[in-house]
Structures are given as structure tokens and as C-alpha cells.
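Written out below as C-alpha cells is the structure these notes cover.
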Amino acid sequence: MTSRTLVAQSQTPDGEALTLTLEQGDHVVRVRGEVLMSSRVSGSEEALARLALTERDMRRPPRVLVGGLGMGFTLRAVLDALDDAAQVEVVELLEDVVRWNEGPLAAYAGQPLTDPRVTVIVRDLLTHLTQATSDYDALILDVDNGPEAFTVAANQRLYTPTGLAVMFEALRPGGVMVLWSAFRAPRFERLLRDAGFIASTTTARARGAVRKGARHTLFKAIRPLPR
Ligand SMILES: C[S@@+](CC[C@H](N)C(=O)[O-])C[C@H]1O[C@@H](n2cnc3c(N)ncnc32)[C@H](O)[C@@H]1O
């Protein structure tokens, strides 16, 4: 068994253990002892941002939401893809994750929380989207290990017709939602279509730069423009 050094610990709103450990030089965040994220690989988390933002007809200034923060890899790729006028909201459920990103995790993604384009909102994603004005250009979502609740049980609402309707309404027409998954989920693509999105699925390697590592699934869902 690899050695683990406990760096910090906390609890999720469900009362489950949330830990930050150091393992062979990498930081790992676990919920209930299961890996939520690791600093070891970030290729597909970065690819998720590019999938949402490249070749899109963005307004100026673009308004983009990243949910959740994790270790900031997706956020860094978002910032690198956007110009100075962009507004990037990061919605993160767990305050401790934000604190860890201001401390031991800050360097992994080049301290993205210090970027003046970023606003951090410590809040449940669905609660935030329910109250948002419907004009996001992009929703870039990676809160569980796929379209199934993992971090907290309440996240299951996100992957239902009701949750998808909230995402649809939060986007401007022509806006895009992307979602990261560790596994294939063809049923979810059908749910996206049923919710009115133009949906597609692609894959990205965990170690993107060298095209190696596990193949992760990326869902892309566009809110159609009115005819
Ligand atoms: C797998 S990590 C994201 C990894 C991230 N893409 C990166 O590049 O490091 C999932 C994140 O979503 C957050 N999260 C989980 N449920 C959430 C919710 N309902 N609302 C907002 N953030 C949530 C977790 O606390 C965690 O920080």
C-alpha cells in the first residue's frame, strides 16, 4: 500500500469524511475514502474547458461558470482560453476545497484564484443555477465522477430532467454546457437530448499531453438558437 500523509480533513454536508492527503508527491482529495480528484493527472479536466470554449462564438465579455473548483486545472484551462474581459464564476460547494486551493494546492494550476477575472462562489451548483440570470455562454461542470451523485447525495438532482432544465435555462441560446465523466453514460446523452440540447459525447485521455492514461468521457450540450 502506498503511504499517505494526512494534510487536512473536513466533512461534506452529508457528514462524510473529506480528506486531503499527500501520496508519493501528489495531493489527493477523497470523499468517504474514495478518490474525488488527484493532482497526478489533469489532461481530461483541461480538455473539458477547451471543448466548451474553442471555436465558440463568444460574446464580449464572455460569461463562463466553472463548477466545481477541484484542484483548479479546468479553471486554469478556461482562463488560458479567454481574454482579459472575460468573467469567470467558480461555484464550489466545499469551503475547505477553496481554502486548500489558496494553500497547499495553489501551485498545481498556477494560482488561478488570484486571477482578477475570477469570482469564487461557495454554494451548491444547482441552487446557484436556479437563481442565475439565464445568460451564461458556458457551463463547465465537473462536480462528481460522472453524471451520478458522488460528492454529495443531493447532486443526483443535477442529472435528472429537472436539473437539466435548470442548466438549459441558465444558458443563453447558443450557449454550451460540458460535463466530465470517468465513465461512459449513453443514457445521459439521451437525457440531454430530451432536455432540448444538441448533445454529443467525446473522450479525452487522462494524460492529455502524451495521449496516455485512462479515457474519460466529455459530454457537450448546446442550447439551440431560436429558429
Ligand atoms: C472532481 S472535482 C473537480 C476537478 C476539477 N475539474 C479540476 O480541474 O481540478 C469536483 C469538485 O466539485 C465540487 N462539488 C461537488 N458537488 C458540488 C456542488 N453541488 N456544487 C458545487 N461544487 C460541487 C467538489 O467539492 C470538488 O471540488
Side-chain angles (χ1 to χ4, degrees), residues 1-49 51 66-78 90-113 120 122 124-126 140-159 178-185 188 201-219:
M1 193 176 143
T2 53
S3 70
R4 287 184 199 170
T5 307
L6 186 64
V7 177
Q9 61 185 328
S10 181
Q11 274 193 345
T12 70
D14 289 347
E16 305 276 10
L18 175 75
T19 58
L20 176 64
T21 50
L22 193 56
E23 305 178 20
Q24 295 180 312
D26 277 300
H27 282 89
V28 180
V29 174
R30 284 189 170 77
V31 175
R32 299 175 299 275
E34 294 179 73
V35 177
L36 176 63
M37 56 202 151
S38 161
S39 62
R40 202 169 58 81
V41 285
S42 58
S44 59
E45 287 82 355
E46 291 152 2
L48 183 73
L51 180 66
V66 176
L69 174 59
M71 295 188 176
F73 295 116
T74 303
L75 175 59
R76 166 52 58 203
V78 165
V90 179
V91 179
E92 168 55 49
L93 179 68
L94 306 173
E95 194 159 10
D96 286 306
V97 167
V98 177
R99 227 164 21 83
W100 296 344
N101 272 270
E102 291 163 346
L105 303 179
Y108 283 117
Q111 314 214 7
L113 296 187
V120 180
V122 178
D124 168 59
L125 174 65
L126 193 57
I140 301 177
L141 307 184
D142 177 14
V143 298
D144 292 304
N145 281 348
E148 285 176 6
F150 180 89
T151 310
V152 287
N155 278 359
Q156 196 57 44
R157 298 166 305 161
L158 288 165
Y159 316 115
V178 293
L179 187 133
W180 187 97
S181 178
F183 49 86
R184 295 181 67 244
F188 184 63
T201 303
T202 184
T203 59
R205 302 299 288 258
R207 294 167 60 205
V210 290
R211 297 192 178 166
K212 286 190 175 162
R215 248 178 240 282
H216 296 144
T217 298
L218 309 181
F219 295 98

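Heavy atoms only: backbone and side chains are in, while hydrogens, waters and symmetry mates are out. Residue numbers run from 1 in the order of the sequence given.
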Using a 4.5 Å cut-off on heavy atoms from C-beta on, say whether the side chain of D26 contacts that of M71. no
Less than 4.5 Å apart, any side-chain heavy atom of L94 and any of P13? yes
Within 6.0 angstrom of Q156 CD, more than 12 heavy atoms from elsewhere: yes
W100 and V7, any side-chain heavy atoms less than 4.5 Å apart: no
Measure from the side-chain N and O atoms of R205 to the backbone N and O of G43, and report whether any donor-acceptor pair falls under 3.5 Å. no
Given side chains that start at C-beta, do those of S39 and L105 come closer than 4.5 Å, heavy atoms only? no
Please, which pairs that meet side-chain hydrogen bond (donor to acceptor under 3.5 Å, both in side chains) have at least one residue in residues 5-20, sequence neighbours excluded? S10-D96
Among all residues two or more places apart in sequence or in another chain, which pass the side chain to side chain donor-acceptor pair (under 3.5 Å) test with T21? E23
Quick test of your reading: applying salt bridge (Lys or Arg N to Asp or Glu O under 4.0 Å), list the pairs with at least one residue in residues 102-111, sequence neighbours left out, ordered by first then second residue. none
Are the side chains of W180 and T74 in touch, meaning some heavy atoms are under 4.5 Å apart? no
Can you find a heavy atom in the side chain of F183 that is under 4.5 Å from one in the side chain of E148? yes
Are the side chains of L18 and V29 in touch, meaning some heavy atoms are under 4.5 Å apart? yes
R32 CZ: over 12 foreign heavy atoms closer than 6.0 Å: yes
L179 vs V143 side-chain heavy atoms within contact, under 4.5 Å: no
